[in-house]
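Working notes, beginning with the structure itself.
When a residue number appears, it is its place in the shown sequence, counting from 1. Owing to the predicted nature of the structure, the values given are computational and were not obtained by experimental measurement.
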Amino acid sequence: MVYLEQFKLPSHETEDGLLEEQYRMSELGYTDNSYPCNLFLQKQLHSLDFKEVTILYGGNGSGKSTLLNLITNKLSLKRVSPFNSSNIFDSFTEKCDYRMGFDDEGDLLEVPDGSRIITSDDVFDYMLNVRVNNKDIADNVMATREHYKELVYKKTVKMRGMQDYEDLRDQIIARKTSGRQYVFKENGKEVRLNSNGETALKFFYEKLKDDTLFLLDEPENSLSPRLQIELADMIKDMARYCGCQFIIATHSPFMLAIDGAKIFDLDDVPVNIKKWWELENPKIYFDFFNKHKDLFI
């Protein structure tokens, strides 16, 4: 499903107008941060047309994340982590334009509920929160186990008032459950953590929902090559069978190789659409392994 069909960037004249307005509003008479003005004009990039899976490829500073942030702001998508901005960023976003796609009956689509941008910071924060939560649970486990033993083995509470009722209720519950069940009930269950990569992949399994537009900023971070391939397969299947659209900023050859993905090479001037095997990163991998191929044969 293609929800977002096209995203159009401001013209040269519009950018000049934004900068002139910024100059007039500045007490210094100039602006020391014109970002993102001129970033895409110098690449001769004026608009992007999207498919079910569209990939933005390029080196650091090429504008991959900036494009994702502009789309996120323009479409009012859900965002968790903050992003690098500037005084002119909101005005620049207002001057951008977009066109939504159509459903099978020819009706104009809307941005699906739950559509969002997911950044590597979101994944890192998830892993950190899980670890902190697990530590809090672990710190309380010993005290809860001791409390469980007291409830099970001490004399049965006698009713003399409402406080006795609560204590008796706790005792009855403890005696009807195992120690393990009681600890889980009182403290919660720790999230199983095997590695950062497996935890990061679990995050995507939880957050990627059917019939939704997702913007992913370098989702390969923290993932081993094997897990990157698993995520790429998940994205391909969700785009094909589950009504999802993905716009992805990535360097990963495994993500770039998603079947049918449309790839914009932001390192080219003008920006070109390329096949994944024509890009620099996959060629570097190929040259490296080709140089050492005797070790694998």
Side-chain angles (χ1 to χ4, degrees), residues 1-25 31-77 79 83-102 108-112 115-117 119 213-218 239 245-251 255-256 258 260-276 278-281:
M1 180 68 71
V2 178
Y3 299 102
L4 179 61
E5 192 171 89
Q6 184 184 74
F7 192 78
K8 189 174 182 180
L9 296 159
S11 66
H12 193 289
E13 292 77 15
T14 301
E15 284 199 13
D16 285 346
L18 289 173
L19 290 172
E20 289 176 6
E21 179 66 20
Q22 189 74 12
Y23 296 152
R24 287 196 297 270
M25 295 176 61
T31 178
D32 59 355
N33 188 355
S34 61
Y35 168 81
C37 286
N38 200 41
L39 176 59
F40 303 111
L41 288 177
Q42 65 182 350
K43 297 175 180 291
Q44 301 176 40
L45 178 63
H46 306 291
S47 65
L48 301 98
D49 296 302
F50 302 106
K51 292 181 62 177
E52 287 83 358
V53 178
T54 304
I55 295 177
L56 309 177
Y57 167 87
N60 293 333
S62 62
K64 303 186 305 299
S65 297
T66 300
L67 282 169
L68 293 185
N69 288 324
L70 286 169
I71 295 170
T72 298
N73 281 16
K74 188 67 179 181
L75 272 62
S76 300
L77 304 184
R79 175 194 298 279
F83 68 102
N84 293 329
S85 186
S86 68
N87 292 334
I88 206 171
F89 198 94
D90 288 341
S91 298
F92 189 96
T93 301
E94 289 178 6
K95 299 300 182 181
C96 293
D97 200 4
Y98 65 93
R99 183 176 71 240
M100 300 301 291
F102 296 87
L108 190 67
L109 292 167
E110 297 182 353
V111 177
S115 295
R116 61 175 294 180
I117 184 172
T119 70
L213 168 64
F214 289 104
L215 277 56
L216 308 181
D217 195 358
E218 298 189 358
Q245 182 183 5
F246 294 90
I247 303 173
I248 308 168
T250 183
H251 300 281
M255 306 299 295
L256 292 166
I258 292 174
K262 182 177 186 178
I263 304 173
F264 288 91
D265 183 1
L266 298 182
D267 285 339
D268 263 7
V269 179
V271 171
N272 282 314
I273 297 170
K274 290 187 176 179
K275 303 296 185 182
W276 69 270
E278 297 174 327
L279 300 168
E280 182 183 28
N281 268 27

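- The two residues Ser34 and Leu19 make their nearest non-hydrogen contact at CB-CD2, 3.6 Å.
- Between Leu41 and Pro10, the closest heavy-atom pair is CD2-O, 4.2 Å.
- Here the closest heavy-atom approach between residue Lys262 and residue Asp49 is recorded as NZ-O, 2.8 Å.
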Quiz item: For Leu216 and Ile247, what are the C-alpha separation, side-chain angles and deciding distance, and is it a side-chain contact (heavy atoms from CB on, under 4.5 Å)?
Solution: CA-CA 6 Å; Leu216 308 181; Ile247 303 173; over 6 Å; no
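- Rounded to the nearest 0.5 angstrom, Lys95 NZ and Ile88 CD1 are separated by 11.0 Å.
- To the nearest 0.5 Å, the span separating CZ on Phe7 from CG on Leu48 amounts to 8.5 Å.
- Under the 6.0 Å cut-off for aromatic ring centres, Phe50 and Phe246 do not qualify, their centroids lying 6.0 Å or more apart.
- Residue Lys274 qualifies as enclosed at atom NZ: its count of foreign heavy atoms under 6.0 Å is above 12.
- Note: Tyr98 OH to Ser47 OG = 16.0 Å, rounded to the nearest 0.5 Å.
- Under the side-chain hydrogen bond (donor to acceptor under 3.5 Å, both in side chains) test applied with Ser65, the options Asp217, Thr119, Asn60 reduce to a single match, Asp217.
- Here the rule is side chain to side chain contact (heavy atoms under 4.5 Å, CB included) with Ile263, and of Ile248, Thr54, Ile55 only Ile55 fits it.
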Quiz item: Does the pair Leu9 and Phe92 meet the rule for a side-chain contact (heavy atoms from CB on, under 4.5 Å), with working shown?
Solution: CA-CA 9 Å; Leu9 296 159; Phe92 189 96; 4.3 Å; yes
Practice problem: Evaluate the criterion side-chain contact (heavy atoms from CB on, under 4.5 Å) for residue pair Val2 and Glu52; output intermediate values, then yes/no. | Solution: CA-CA 5 Å; Val2 178; Glu52 287 83 358; 3.9 Å; yes
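- The 12-atom threshold is not exceeded at NZ of Lys8, counting heavy atoms of other residues, nucleotides or ligands nearer than 6.0 Å.
- Within 6.0 Å of CD on Gln44 lie more than 12 heavy atoms contributed by other residues, nucleotides or ligands.
- Between atom CG of residue Leu75 and atom CD1 of residue Ile117 there is a gap of 11.5 Å, rounded to the nearest 0.5 Å.
- At least one donor-acceptor pair under 3.5 Å links the side chain of Thr93 to the backbone N or O of Phe89.
- Distance alone, capped at 3.5 Å, is enough to place a donor-acceptor pair between the Lys64 side chain and the Gly58 backbone.
- Within the model, atoms CD of Glu15 and CG of Leu39 stand 8.5 Å from one another, a figure rounded to the nearest 0.5 Å.
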Practice problem: Dump the intermediate steps for side-chain contact (heavy atoms from CB on, under 4.5 Å) on Leu266 and Leu67, then the final yes or no. | Solution: CA-CA 11 Å; Leu266 298 182; Leu67 282 169; 4.0 Å; yes
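- Residues passing the side chain to side chain contact (heavy atoms under 4.5 Å, CB included) test with Asp267 are Tyr57, Ser62, Asp265, sequence neighbours excluded.
- Residues Phe214 and Gln245 are not in side-chain contact: their nearest non-hydrogen atoms beyond the backbone lie 4.5 Å or more apart.
- Rounding to the nearest 0.5 angstrom, the gap separating the CG atom in Asn272 from the CD atom in Glu278 is 9.5 Å.
- For the pair Arg116 and Arg79, the minimum side-chain heavy-atom distance is 4.5 Å or more.
- Under 4.0 Å is where a charged nitrogen must lie from a carboxylate oxygen, and between Asp268 and Lys43 no such pair does.
- Residue-environment remark: CD (Gln6) exceeds the threshold of 12 foreign heavy atoms within 6.0 Å.
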